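Below: the structure, in structure tokens.
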Amino acid sequence: MKKLASVFILTVCFLAACGLGDTQTGSSPEEDEINEEEVNNEEENNEDLNGEGVFDELEYKVETNQSDSELIVEMSLTNTGTEDAVLSFSSGQKYEITLTNVDGEEVYRYSADKMFTMAIIQEVIRAGEELMLSETIELDEFDSGEYELTATIIVYTINDTEITQSPFEETVTIQIGS
């Protein structure tokens with residue numbers, strides 16, 4: 001008898017829940033269709049934001065300077081616009097640098113042996129100013145030869161607009177050793 005009552009109660013609860021739509025957001029099935037359209041539009045807008053030419057007011061450059069024992073990678077993000085740009089980073093890691101050898105093997109990753117704070121960090125780049133980031137890589141452990149260096153600023157939002165893929169990435173070819 002208890003089993004039958006339990007099954008009955010569960011069935012009633014299940015049937016009642018089926019007609020309620022999304023109880024977490026309080027939306028009906030019709031509203032879910034509208035919300036899906038909004039998500040699709042947001043994704044299209046985000047693709048636009050990550051496409052070429054959208055952040056024309058933020059100019060990204062990578063320069064390398066090398067000695068026998070170290071490689072200095074300097075990344076600059078210059079605000080050429082008339083409004084301030086507010087960049088948010090989802091952790092203490094603001095950039096990633098990788099080195100790939102001629103065989104396509106990754107031989108260096110900046111973040112590989114590091115830990116970063118888990119906090120939203122903001123940087124404001126005032127109109128006409130620049131954000132400079134620099135990293136020194138010790139070259140003692142690398143064989144002589146040609147490498148591809150990729151430097152990416154890992155930005156989470158720009159002016160409160162979420163970025164799904166950083167538009168600030170540059171790959172340069174470098175020669176290590178003779």
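Quantities reported herein were computed from a predicted structural model and do not represent experimental measurements. All residue numbers refer to positions in the sequence shown, counting from 1.
- No side-chain heavy atom of I120 sits under 4.5 Å from any side-chain heavy atom of T157.
- Looking at every heavy atom in both residues, V62 comes nearest to E170 through N-OE1, 3.5 Å.
- Across all their heavy atoms, S144 and G177 have their closest contact at OG-CA, 3.6 Å.
- Side-chain polar atoms of T173 and E148 form a donor-acceptor pair below 3.5 angstrom.
- Placement of I174 and I72 in two distinct hydrophobic clusters is found when ILVMFWY residues are connected by side-chain heavy-atom separations under 4.5 Å, directly or transitively.
- Between the CD1 atom in I97 and the CD1 atom in I153 there is a gap of 10.0 Å [rounded to 0.5 Å].
- E123 approaches L131 most closely through the heavy-atom pair OE1-CD1, 3.7 Å.
- For the pair M75 and T152, the minimum side-chain heavy-atom distance is 4.5 Å or more.
- Under a 3.5 Å cut-off, the side chain of N101 and the backbone N or O of D103 do form a donor-acceptor pair.
- The cationic atom of K114 (NZ for Lys, CZ for Arg) does not lie both less than 6.0 Å from the six-membered ring centre of F116 and within 45° of the ring axis.
- The distance from the CD1 atom of I125 to the CG atom of L87 is 4.5 Å, given to the nearest 0.5 Å.
- Counting heavy atoms of neighbouring residues, nucleotides and ligands inside a 6.0 Å radius, atom CG of D143 does not exceed 12 of them.
- Residue D140 qualifies as enclosed at atom CG: its count of foreign heavy atoms under 6.0 Å is above 12.
- Side chain of Q66 to main chain of Q175: a donor-acceptor pair is present (N/O by atom type, distance under 3.5 Å, no hydrogens or angles).
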I121 vs K94, side-chain contact (heavy atoms from CB on, under 4.5 Å): CA-CA, chis, key distance, verdict: CA-CA 9 Å; I121 296 173; K94 295 180 182 177; 4.0 Å; yes
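- Panel note: side chain S166, backbone F168; a donor-acceptor pair is recorded below 3.5 Å.
- By the 4.5 Å heavy-atom criterion applied to side chains, Y108 and F142 are counted as neighbours.
- At a threshold of 4.5 Å between side-chain heavy atoms, the hydrophobic network of Ile, Leu, Val, Met, Phe, Trp and Tyr places V172 and V107 in one connected group.
- Residues S88 and Q122 bring a donor and an acceptor atom of their side chains to less than 3.5 Å of each other.
- A donor-acceptor pair is defined here as one N or O able to donate and one able to accept, closer than 3.5 Å; such a pair exists between the side chain of T80 and the backbone of E57.
- Between the side chain of N79 and the backbone N or O of L58 there is no donor-acceptor pair closer than 3.5 Å.
- Hydrophobic clustering of Ile, Leu, Val, Met, Phe, Trp and Tyr side chains at less than 4.5 Å, counting indirect connections, keeps I163 apart from I154.
- Interatomic distance, E105 CD to Y147 OH, rounded to the nearest 0.5 Å: 10.0 Å.
- Side chains of E70 and T136: no donor on one and acceptor on the other come within 3.5 Å.
- Between V73 and I137, the closest side-chain pair of non-hydrogen atoms falls below 4.5 Å.
- Of the inter-residue distances, the one linking M118 atom CE with Q93 atom CD reads 10.0 Å to the nearest 0.5 angstrom.
- Applying the 6.0 Å contact sphere to CD of E138 captures more than 12 heavy atoms from other residues, nucleotides or ligands.
- Side chain of N159 to main chain of V86: a donor-acceptor pair is present (N/O by atom type, distance under 3.5 Å, no hydrogens or angles).
- Heavy atoms from other residues, nucleotides or ligands lying under 6.0 Å from CD of E130 number more than 12.
- Within a 6.0 Å radius of OH in Y156, other residues, nucleotides and ligands contribute 12 heavy atoms or fewer.
- Using a 4.5 Å heavy-atom cutoff, the side chains of L71 and L149 are in contact.
- Between K61 and E59 a salt bridge is recorded (basic side-chain N to carboxylate O distance below 4.0 Å).
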How far apart are the C-alpha atoms of L133 and L77, what are their side-chain angles, what is the distance that settles it, and do they pass the side-chain contact (heavy atoms from CB on, under 4.5 Å) test? CA-CA 9 Å; L133 302 167; L77 193 56; over 6 Å; no
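- By the 6.0 Å contact criterion, CE on M132 is enclosed, its count of non-hydrogen atoms from other residues, nucleotides or ligands being greater than 12.
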